[in-house]
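Worksheet: one structure, shown below.
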Amino acid sequence: TGALGLVLGHPFDTVKVRLQTQTTYRGIVDCMVKIYRHESLLGFFKGMSFPIASIAVVNSVLFGVYSNTLLVLTATAHQERRAQPPSYTHIFLAGCTGGFLQAYCLAPFDLIKVRLQNQTEPMAQPGSPPPQYRGPVHCAASIFREEGYRGLFRGAWALMLRDTPTMGVYFLTYEGLCRQYTPEGQNPSSATVLVAGGFAGIASWVAATPLDVIKSRMQMDGLRRRVYQGVLDCMVSSVRQEGLGVFFRGVTINSARAFPVNAVTFLSYEYLLRLWG
Ligand SMILES: C[N+](C)(C)CCCC[C@H](N)C(=O)O
């Protein structure tokens, strides 16, 4: 189910990445029309295979670290957690820890996704010049060959800054909403889990958008010539050139994607917990 949500959400993600890193599009609709005209429907699904391959690993790290950090902080086993709910401070800290560690696993996969999503060449058109990267493996190999192991972690620092606090927000929103709508001592219903998960996705993505823009730009930097000296330099020059609005590029389309994707994510998380718990 996690993979299905990802497939359905991917077209939105591609539009978001393009809006954040390219200046040729005037807005969501313009971007969609142009992708469809030049690259057909397939254009929306560029760079999707690595996220699908890595989602299980990345989410296991996130939810595993989160659960175990809560265990250490509260000294309460999962089975007793409904009876003795952890404090919001502990939830936030556990979320931050999970976010911090999953960022390292996510970084190389996310870099390759973004590089492939930004290739505007139509796929599989005989005669036209081939795109720089022929696929995810070729992309990973080229980056490794040209920039070494560290090249695969371009933008990782911005990614870590983006995810550490906002994964705290993610779990805080989820738990807060679940508790609000669940009678004390009971498990939240599926409907509650879906809605709380969806809003957790939106809240955390809204908070994450400024650093998401910077992260995407850092990942595209170095493709030809290096433009940015670092995260701070990227922020300063983006604001100078485009104003403060730059920090909210892609926020609308990303929120539309975040609701269903994260509703499904939390539903499978709760389901697995009950299966093992
Ligand atoms: C913390 N941050 C907001 C960046 C992400 C939160 C949700 C992550 C989820 N896998 C998704 O793709 O939506």
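Order of listing sets the numbers, starting from 1, for every ligand and every atom in it. When a residue number appears, it is its place in the shown sequence, counting from 1.
Within the structure, salt bridge (charged side-chain N to carboxylate O under 4.0 Å, His left out) pairs that include any residue of residues 157-174 comprise Arg162-Asp212 (at least two apart or interchain).
Among residues two or more places apart in sequence or in another chain, the ring pair (Phe, Tyr, Trp, His ring centres under 6.0 Å) test is passed with Phe44 by none.
Listed by chain and number, residues touching ligand 1 at under 4.0 Å (heavy atoms only) are Arg162, Asp163, Thr166, Met167, Tyr170, Ser204, Trp205, Ala208, Arg257, Asn262.
Interatomic distance, Gln102 CD to Thr164 OG1, rounded to the nearest 0.5 Å: 8.5 Å.
Relative orientation of the Tyr269 and Phe266 rings is perpendicular, given thresholds of 30° and 60° on the angle between their planes. Between Phe45 and His10, the two ring planes are parallel [angle under 30°; tilted spans 30° to 60°].
Residue Val58 belongs to a hydrophobic cluster whose other members are Leu106, Leu159, with links defined by side-chain heavy atoms closer than 4.5 Å.
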